[in-house]
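Read the structure below first, then the notes.
Scope of the values below: all heavy atoms of this structure, side chains included, with no hydrogens, waters or symmetry mates. What you see is a predicted model, and the numbers here were worked out from it, not measured in a lab.
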Amino acid sequence: MKDAMINSVEKKWRLFRAWTSRHPLWCAWQVTYRCNFRCRFCNYWALNADAATEPPASAYAEGARKLAQMGSMLVSLAGGEPLLRTDIPEIVEAIGRYHFPFLTTNGWLLTPELADDLMRAGLWGASVSIDYATEARHDERRGMVGAWEHAWRAVEMFKAARVHEWQRVNVIAVLMDDNIDQIEPLIQMAAERGAYFMVQPYGQEKTGSAAYFHNDGAVSPRLLDLRSRYSNFLSNPHYLGKFDTFLAEGVPGCRAGRAFFNIDENGDVAICVERRDRPVGNLYRDDIRHIERRLRTAARGNNCRDCWYNCRGEVECLYSPVSLARSLPTLFLDHGKPKKT
């Protein structure tokens, strides 16, 4: 394993080799469970996470190097609210040496300077969470007055800060009981700002409540129709086509632990974020090959149908040849020369 930064072409080749050899492709790395919002459909903010126990950016550099023994991966940096980490640009840079770092944020803490630092550090994509086209409804569900305004401002800041055309800026929405009528205007509002749009269904694992499900049996056709009409609607059609199945009975065949896995804020590794209380090892203490074997062992007999998050559904789409072909252009291809110097 070379210590020098792996260039873009080599990372893509290493990711392809990981896919062909059936190593995991996606890692959700929760850099903190602290959060400045009080979203009604998530209870991570109630975990009372402690910043003092979170590893420094240097630990992420070592962790990213160890992960690279399996190949290059798509690494989703989330939480919690990752921008509460004041060293988040250093974390992005450390992971970007070997992998493809993506960031999901509520946008509240973003500044133009931070957006510049993140893009220059090697961020491959940023997703800003916006669930409603109307300010009051978004702010109420997110538990923070001004959340909607800050989120759209963050989309614009990320867009302006891009260094390369391939650095993607997304708006991502959680489909809930009362916002399916908001999806089309959200797609349009994202397009006006030069951003892509993605959606995932609410999952009750975060709260234990089924109150926020939208389940009228006709979600997938509506989303697929929008996908056919808006070029910035990025969610994979294969993924969207299973929303109704998930909402009715759950999608079988979960690949957690085989195609993707979770790392929590202390380095504990589990097959997915909702199984973080059952870690198979620790990234900083254990051999990565042992961790991968334990992940596969833990994945055996996994019959869970409780989520259809992006980190599951979009990754599982990569194992269908047609869906893979649809995903490759926006995931891995460079689209132009650097935007800035």
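Interatomic distance, I172 CD1 to T104 OG1, rounded to the nearest 0.5 Å: 6.0 Å. For the atom pair S76 OG and Y309 OH, the distance stands at 13.0 Å (nearest 0.5 Å). Taken from OG1 in T105 to CG in L84, the straight-line distance is 8.5 Å, to the nearest 0.5 Å. Note that CZ of F158 and CG of L118 are 5.5 Å apart. Values are rounded to the nearest 0.5 Å. Taking CH2 from W26 and CG from L15, the interatomic distance works out to 11.0 Å, rounded to the nearest 0.5 Å. Atoms CG and OG, on L77 and S127 in that order, are 11.0 Å from each other to the nearest 0.5 Å.
Note that R276 lies in the cation-pi zone of Y33, set by a 6.0 Å cut-off to the ring centre and a 45° limit from the axis.
The main-chain N or O of V219 is found under 3.5 Å from a side-chain atom of D244 such that the two form a donor-acceptor pair. No donor-acceptor pair closer than 3.5 Å links the side chain of Q30 to the backbone N or O of V273. N232 places a side-chain N or O within donor-acceptor distance of the main-chain N or O of A195, the cut-off being under 3.5 Å. Of the possible polar contacts, one joining the D50 side chain to the A52 backbone as a donor-acceptor pair under 3.5 Å is found. Judged by distance alone, with hydrogens and angles left aside, the side-chain atoms of Q200 form a donor-acceptor pair with the main-chain N or O of N310 at under 3.5 Å. Panel note: side chain H150, backbone G107; no donor-acceptor pair is recorded below 3.5 Å. Of the possible donor and acceptor atoms, none in the side chain of Q69 sits under 3.5 Å from a partner among the backbone N and O of R289. Side chain of R258 to main chain of C254: a donor-acceptor pair is present (N/O by atom type, distance under 3.5 Å, no hydrogens or angles). Counting only distance, with no hydrogens or angles, the side chain of E314 and the backbone of N236 share a donor-acceptor pair below 3.5 Å. Panel note: side chain N266, backbone D268; no donor-acceptor pair is recorded below 3.5 Å.
In this structure, F197 and F233 have perpendicular ring planes: the angle between them is above 60°, well past the 30° mark. Ring-plane geometry between W152 and W148 is classed as perpendicular, the angle between the planes exceeding 60 degrees on a 0 to 90 degree scale with a lower cut at 30.
Results of the side chain to side chain contact (heavy atoms under 4.5 Å, CB included) test with D286 over L283, I288, N282 single out N282 as the only residue that passes.
Between E149 and R153 there is a salt bridge, since a side-chain N of the basic residue sits under 4.0 Å from a carboxylate O of the acidic one. Comment: K159 does not engage E156 in a salt bridge, judged by the lack of any side-chain N to carboxylate O separation of less than 4.0 angstrom. With salt bridges taken as basic N to acidic carboxylate O contacts below 4.0 Å, none links E292 and R294. Taking the charged nitrogens against the carboxylate oxygens, D306 and R312 have no contact shorter than 4.0 Å, which rules out a salt bridge.
Looking at heavy atoms from C-beta onward, N179 lies out of side-chain contact with R141 at the 4.5 angstrom threshold. Contact check for R142 versus S129: side-chain heavy atoms found under the 4.5 Å cut-off. Side-chain contact check for V75 versus I263: every heavy-atom pair is 4.5 Å or farther apart. Contact of the L240 side chain with the L226 side chain is not registered, since no non-hydrogen atoms from C-beta on lie closer than 4.5 Å. Between L109 and N36 the shortest side-chain heavy-atom distance falls below 4.5 Å. Looking at heavy atoms from C-beta onward, M198 lies out of side-chain contact with Y239 at the 4.5 angstrom threshold. Looking at I291 and F261, their side chains never come closer than 4.5 Å, going by heavy atoms from C-beta outward. Within the 4.5 Å cutoff, the side chain of D87 has no heavy atoms near those of the Y60 side chain.
Considering only residues two or more places apart in sequence or on other chains, H23 meets the ring pair (Phe, Tyr, Trp, His ring centres under 6.0 Å) condition with none of them. Residues passing the ring pair (Phe, Tyr, Trp, His ring centres under 6.0 Å) test with Y132, sequence neighbours excluded: none.
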- [ ] Given salt bridge (charged side-chain N to carboxylate O under 4.0 Å, His left out), test E62 with R65 step by step and report yes or no.
- [x] CA-CA 5 Å; E62 174 61 17; R65 187 191 66 79; 2.7 Å; yes
TODO: Could you check D225 against R229 for salt bridge (charged side-chain N to carboxylate O under 4.0 Å, His left out), going step by step and ending with a plain yes or no?
DONE: CA-CA 6 Å; D225 174 64; R229 292 192 285 116; 3.0 Å; yes
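Between T32 and E81, the side chains place no donor N or O within less than 3.5 Å of an acceptor N or O (distance only, hydrogens not considered). Y230 and Q188 are linked by a side-chain donor-acceptor pair at a separation below 3.5 angstrom, with hydrogens and angles left out of the test.
Within a 6.0 Å radius of CG in D277, more than 12 heavy atoms belonging to other residues, nucleotides or ligands are found.
When all heavy atoms of I271 and A299 are compared, the pair lying nearest together is CG2-N, 4.4 Å. Closest approach of P101 to L123, counting heavy atoms only: O-CD1, 3.6 Å.
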